[in-house]
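Everything numeric here is computed off the predicted structure, so don't read it as measured data. Atoms within a ligand are numbered from 1 in the order they appear, just like the ligands themselves. Counting from 1, the numbers follow the sequence of the chain as shown.
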Amino acid sequence: MGDMNDSLDDVRTAELSGRLDAVRGRLDAAVASAGRPAGSCALMVVTKYFPADDVRRLLTLGVRLFGESREPEAGRKVAEVLADWSPADVADVPVFDMIGTVQSKKARSIARWARAVHSVDRPKVVDALGRAARVALDEGERAEPLGVLLQVSLDGDPQRGGVVEADLPALAEQVSNDDALTLRGLMVIAPLSGDRKHWMAESARIHNAFREQYADAVELSAGMSGDMEEAVEAGSTCVRVGTAIMGERPLLSQ
Ligand SMILES: *Cc1c(COP(=O)(O)O)cnc(C)c1O
């Protein structure tokens with residue numbers, strides 16, 4: 001990547017580098033103050049609405065886990081990044097997860113590039129992703145089943161997506177019965193109103209109860225730029241950080 005590194009060694013890279021260091025510092029401090037082992041919470045950088053060159057810049061800074069939220073932007077960006085990426089070894093290959101609302105008709109595309117989908121909240125979406133992942137496995141487009149995290153709604157507001165706690169078991173059963181899918185855990189987005197600590201404690205309670213039934217569903221994807229610390233305290237295994245690293249998203253971005 002020699003030439004590419006040189007051309008991306010610019011003002012934007014310096015900016016990303018500074019913010020990334022700050023967020024890594026916040027995350028390490030939060031993990032330590034929660035009494036958890038170092039490295040026990042992954043940092044996902046959310047690159048939605050930002051160009052492939054920013055993903056390339058982050059690769060030069062050691063980032064390997066990215067979150068994207070919409071098609072066809074995500075599929076195109078991943079293809080662009082992987083086309084000129086030559087990893088030193090297989091363990092070094094960047095990983096992209098889908099964190100946005102899934103439209104069933106986009107499942108086929110998502111199953112080509114996503115390691116996991118964090119935002120699964122409806123039987124119809126499970127069905128579509130299961131079928132799409134099966135085709136992708138059969139066509140050699142992916143090597144592993146598609147990971148699934150069920151998005152939990154903490155306040156029952158249908159606008160923000162997610163399934164309420166009472167409906168989790170049925171959805172989990174549907175995922176478990178599909179061998180093209182692997183149930184990895186739960187995802188939460190804290191509601192805007194109310195106390196962050198309260199919502200994160202609620203997330204931890206729901207996740208702990210869920211794991212009594214689904215012991216392998218170890219992932220709790222929780223925490224964003226504004227509530228990383230509370231999420232880590234509550235046992236998050238993956239924080240999804242956009243703004244604090246990338247800067248403000250373009251205005252039209254939701
Ligand atoms: C955009 C997005 C994020 C990142 O949010 P920031 O506040 O910018 O860090 C995290 N999770 C989901 C599901 C998102 O859509």
- prompt: Which atoms of ligand 1 sit under 4.0 Å from any heavy atom of Arg249?
  reply: 1 (C), 8 (O)
task: Below 4.0 angstrom from a heavy atom of Val241, which ligand 1 atoms are there? Numbered from 1 as shown, please.
output: 9 (O)
- prompt: Are Glu248 and Thr243 close enough that a side-chain donor and a side-chain acceptor fall under 3.5 Å?
  reply: no
message: For Arg57, is there an ion pair with Asp10 - N to carboxylate O distance below 4.0 angstrom?
response: yes
query: So with a 6.0 Å cut-off around CD of Glu144, is the heavy-atom count from everything else above 12?
result: no
Numbered atoms of ligand 1 (with element) below 4.0 Å of Gly242, judged on heavy atoms: 4 (C), 6 (P), 8 (O), 9 (O)
- line: For Thr243, the ligand 1 atoms with a heavy-atom partner under 4.0 Å come out as 6 (P), 7 (O), 8 (O), 9 (O)
message: Tell me whether Asp216 at atom CG has more than 12 heavy atoms from other residues, nucleotides or ligands lying less than 6.0 Å away.
response: no
task: Show which atoms of ligand 1 fall inside a sub-4.0 Å distance from at least one heavy-atom site of Ile189.
output: 13 (C)
message: For the backbone of Asp92 and the side chain of Arg64, can you confirm whether one donor and one acceptor N or O come within less than 3.5 Å of each other?
response: yes
- prompt: For Thr237 and Glu219, does a side-chain donor sit closer than 3.5 Å to a side-chain acceptor?
  reply: yes
field: Of the listed options His118, Arg160, Lys48, Met224, closest to atom 14 (C) of ligand 1 (non-hydrogen atoms)
entry: Lys48
- prompt: Considering only heavy atoms, does Ser225 approach ligand 1 within less than 4.0 Å through its side chain, its backbone, both, or neither?
  reply: both
